[in-house]
Structures are given as C-alpha cells and as structure tokens.
Amino acid sequence: MTIEELAHIIKENGLSFTDEQFKKLTSYAQLLQAKNNVVNLISRKDEENILSKHILHSLTLIFPDLQLAGIPQGTHVFDLGTGGGLPGIPIKIMRPDISLTLCDSIAKKIVATDEIAKALGLKNTQTITDRAENLALKPQHKRKYDVVITRAVAKLDELAIWSQGLLKKDGLLLALKGGDIQEEIGRAKELRFVKSVEEAPLLIKEYDEFIKEEKKIVRVRLV
C-alpha cells in the first residue's frame with residue numbers, strides 16, 4: 001500500500017483530516033519503522049505493511065461508517081499493550097480532541113513510543129510502563145478512563161478484567177481481534193461487570209484484506 005492509497009481509503013471511509021494530520025501520519029510510519037530497527041515494536045515481516053496492517057487497521061476504530069467503531073469527543077482513552085503506539089498514536093493524530101494514555105509492560109517499547117509521541121508533538125498524551133491490572137489499583141488511574149482500546153494483546157475476557165478497574169461507569173472497551181473468538185466472547189459475557197459484548201467484521205470500503213483475514217472489532221460495555 002502506498003501513502004496515497006492510504007489517504008484514499010481513509011477518505012472513502014468517512015474520516016476527514018487536514019494536510020498537517022496526514023503529514024504526521026506519514027511521519028509516524030517512518031518513525032515506527034526506524035525505531036523497529038532498534039526495538040522490536042512490530043513483526044519484522046510486517047515492516048513493509050506498516051500502512052495497511054498497522055496504521056489503517058488502527059484507524060478503523062474511528063471510521064464513522066464502520067459498525068461498532070467510534071470514540072466520543074473529548075474522552076480520555078487508554079491504549080492497553082500499545083507496543084509502538086498502536087492503535088493509539090494513529091487515532092490521536094486524527095482525533096486530537098482525545099486525551100491519550102499509552103501503556104505497555106515492556107519498558108524499552110514505552111521509551112521508543114514516548115520518543116515517537118514527542119517527535120510528533122502530540123499534546124495531552126502520556127506514556128506509562130506498567131501492567132493495566134496494577135494501574136487500576138492506583139488513585140490516578142482507577143476509574144479514570146472513558147475508553148480502553150487494544151489490538152491483538154490478549155483474550156477478550158482477560159482484556160475486560162484488566163480494563164474494568166480503569167474504566168468509568170458505562171465505559172467502553174474497543175478491541176481489534178481476528179479469527180474465531182466465540183469462546184472468548186462467551187467467557188467475557190459471563191463476567192458480572194460486563195453489560196454487553198458486540199462484534200462486527202472490519203468491512204471497510206476500498207480494502208477487503210481485513211475481511212479475508214477475519215479481522216473484526218469488538219465493543220464491550222462495562223458497568
């Protein structure tokens with residue numbers, strides 16, 4: 001995928017952006033690849049697919065026309081297991097109205113992600129090295145977030161458990177998942193603090209690879 005094709009697909013799926021925002025998105029792709037030569041942020045075999053498999057995939061969480069996608073305006077978002085800033089940084093670039101916390105348990109990944117965020121000049125963005133379950137016990141993080149976003153980190157029920165202490169009442173967990181996750185969904189629905197679990201295919205315009213790969217978005221609402 002070329003940068004021009006990425007811009008076209010984003011526009012076709014109803015997400016508007018300025019030239020400056022797209023410039024930052026391009027810079028992010030370059031920074032991510034450069035940092036990946038030093039720290040393993042994404043799979044080496046995926047480096048040539050950063051635009052499609054990582055940036056586009058992340059942005060589907062805010063595509064206006066995609067079922068179950070969407071992050072409310074002005075909310076505080078927690079990126080659980082961010083790795084190299086995915087899905088949080090592409091979303092923050094396109095949605096500067098949100099406040100973003102990027103969290104990963106691996107310190108060297110967070111150091112790299114922090115450097116990327118600073119290089120991009122992202123405001124209202126912080127990085128933390130810790131586990132979500134630990135942060136949920138700390139006053140400055142307990143029940144402080146509106147939305148938790150995550151991508152290919154853990155089973156859905158585990159994600160819900162980790163997110164529960166971080167999210168405000170009626171908070172949302174938005175997870176990008178793949179393959180058959182019916183068993184995970186079943187376990188998540190059994191959790192007493194889970195109000196609802198919905199899933200939808202990543203059916204977007206002008207790009208059908210996510211459907212071929214059985215990618216989907218899952219929205220979990222917690223009490």
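What you see below is based on every heavy atom in this structure, not just the backbone, and it leaves out hydrogens, waters and symmetry mates.
- I181 and L61 fall into different hydrophobic clusters, where Ile, Leu, Val, Met, Phe, Trp and Tyr residues are linked whenever their side-chain heavy atoms come under 4.5 Å apart, directly or through other members.
- How far CG of L6 is from OH of Y207: 10.0 Å, rounded to the nearest 0.5 Å.
- Across every non-hydrogen atom of M94 and F22, the tightest pair is CE-CD1, 4.3 Å.
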Could you walk me through whether T101 and H76 pass the side-chain hydrogen bond (donor to acceptor under 3.5 Å, both in side chains) check? CA-CA 8 Å; T101 297; H76 198 166; 3.1 Å; yes
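- Rounding to the nearest 0.5 angstrom, the gap separating the NZ atom in K216 from the OG1 atom in T60 is 13.5 Å.
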Determine, stepwise, if the pair K177 / E184 fulfils salt bridge (Lys or Arg N to Asp or Glu O under 4.0 Å). CA-CA 11 Å; K177 302 284 291 180; E184 292 179 37; 3.0 Å; yes
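- Between the side chain of T127 and the backbone N or O of D114 there is no donor-acceptor pair closer than 3.5 Å.
- Ion pairing between a basic and an acidic side chain is recognised when a charged N comes within 4.0 Å of a carboxylate O; D146 and K168 show such pairing.
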Going through the checks in order, is the side-chain contact (heavy atoms from CB on, under 4.5 Å) test met by V153 and L159? CA-CA 8 Å; V153 171; L159 294 172; 4.2 Å; yes
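- Proximity of I98 to K92: side-chain heavy atoms (C-beta onward) are separated by under 4.5 Å at one or more points.
- Annotation: the span from I110 atom CD1 to T129 atom OG1 amounts to 5.0 Å, rounded to 0.5 Å.
- Between L156 and V218 the shortest side-chain heavy-atom distance falls below 4.5 Å.
- For the pair G84 and L41, the tightest heavy-atom approach, listed with the atom from each and the gap, is CA-CD2, 3.9 Å.
- Note: M1 CE to H8 NE2 = 10.0 Å, rounded to the nearest 0.5 Å.
- Rounded to the nearest 0.5 Å, atoms CD1 (I149) and CZ (F78) are 10.0 Å apart.
- L68 and V148 fall into different hydrophobic clusters, where Ile, Leu, Val, Met, Phe, Trp and Tyr are joined by side-chain heavy atoms under 4.5 Å apart, directly or via other members.
- Scanning both residues, G83 and T113, for their nearest heavy atoms gives O-OG1, 2.8 Å.
- In the hydrophobic cluster analysis, where Ile, Leu, Val, Met, Phe, Trp and Tyr join through side-chain heavy atoms closer than 4.5 angstrom, I161 is grouped apart from L174.
- D157 and K155 are not joined by a salt bridge, as no carboxylate oxygen comes within less than 4.0 angstrom of a charged side-chain nitrogen.
- Panel note: side chain D170, backbone V223; no donor-acceptor pair is recorded below 3.5 Å.
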Evaluate R187 against E190 for salt bridge (Lys or Arg N to Asp or Glu O under 4.0 Å), listing each step before the verdict. CA-CA 5 Å; R187 290 198 303 269; E190 291 174 359; over 6 Å; no
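- The hydrophobic cluster containing I211 does not contain L59, counting ILVMFWY residues as joined when their side-chain heavy atoms lie under 4.5 angstrom apart, directly or transitively.
- Residues V77 and L167 do not share a hydrophobic cluster, defined by chaining ILVMFWY side chains whose heavy atoms lie under 4.5 Å apart.
- For L86 against I42, the heavy-atom pair with the smallest separation is CD1-CG2, 3.9 Å.
- Side chain of T26 to main chain of K24: no donor-acceptor pair is present (N/O by atom type, distance under 3.5 Å, no hydrogens or angles).
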Test side-chain contact (heavy atoms from CB on, under 4.5 Å) applied to E133 and E158, step by step: CA-CA 10 Å; E133 57 267 39; E158 293 175 334; over 6 Å; no
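- Between A160 and L222, the shortest heavy-atom contact is O-CD2, 3.8 Å.
- Under the 3.5 Å distance criterion, the side-chain polar atoms of Q21 are matched with a main-chain donor or acceptor of T18.
- Taking CD of Q67 as the start and CD of E198 as the end, the distance is 8.0 Å to the nearest 0.5 Å.
- With contacts defined as side-chain heavy-atom distances shorter than 4.5 Å, the pair R219/V197 does not qualify.
- Looking at L31 and L120, their side chains come closer than 4.5 Å, going by heavy atoms from C-beta outward.
- Judged by distance alone, with hydrogens and angles left aside, the side-chain atoms of R95 form a donor-acceptor pair with the main-chain N or O of P72 at under 3.5 Å.
- Residues L56 and F63 meet the side-chain proximity criterion, which asks for heavy atoms closer than 4.5 Å.
- Atom CD of E183 sits in a sparse spot, with 12 or fewer heavy atoms from other residues, nucleotides or ligands closer than 6.0 Å.
- In terms of heavy-atom proximity, H54 sits nearest to S58 at O-OG, 2.7 Å.
- Listed for the E5 side chain is a donor-acceptor partner under 3.5 Å among the backbone atoms of T2.
- Counting heavy atoms of neighbouring residues, nucleotides and ligands inside a 6.0 Å radius, atom CD of E213 exceeds 12 of them.
- Side-chain contact check for L15 versus K11: every heavy-atom pair is 4.5 Å or farther apart.
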When you look at L135 and C103, which way does the side-chain contact (heavy atoms from CB on, under 4.5 Å) test go after all the steps? CA-CA 10 Å; L135 290 176; C103 178; 3.6 Å; yes
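- In terms of modelled atom types and a separation under 3.5 Å, the side chain of D180 and the main chain of Q182 share a donor-acceptor contact.
- D79 and R151 are not joined by a salt bridge, as no carboxylate oxygen comes within less than 4.0 angstrom of a charged side-chain nitrogen.
- When side chains are defined from C-beta on, I89 does not count as touching I55, because their heavy atoms never get closer than 4.5 Å.
- Aromatic ring pairs are classed by plane angle as parallel below 30°, tilted from 30° to 60° and perpendicular above 60°; the pair Y145 and H141 is parallel.
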For I217 and E199: C-alpha separation, side-chain torsions, deciding distance, then whether side-chain contact (heavy atoms from CB on, under 4.5 Å) applies. CA-CA 6 Å; I217 182 172; E199 67 164 319; over 6 Å; no
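- Around the CZ atom of R131, the shell of radius 6.0 Å holds no more than 12 heavy atoms that belong to other residues, nucleotides or ligands.
- Using a 4.0 Å cut-off between charged nitrogen and carboxylate oxygen, K23 and D19 do not count as a salt-bridge pair.
- Taking 4.5 Å as the limit, some side-chain heavy atom of E209 sits within range of a side-chain heavy atom of K212.
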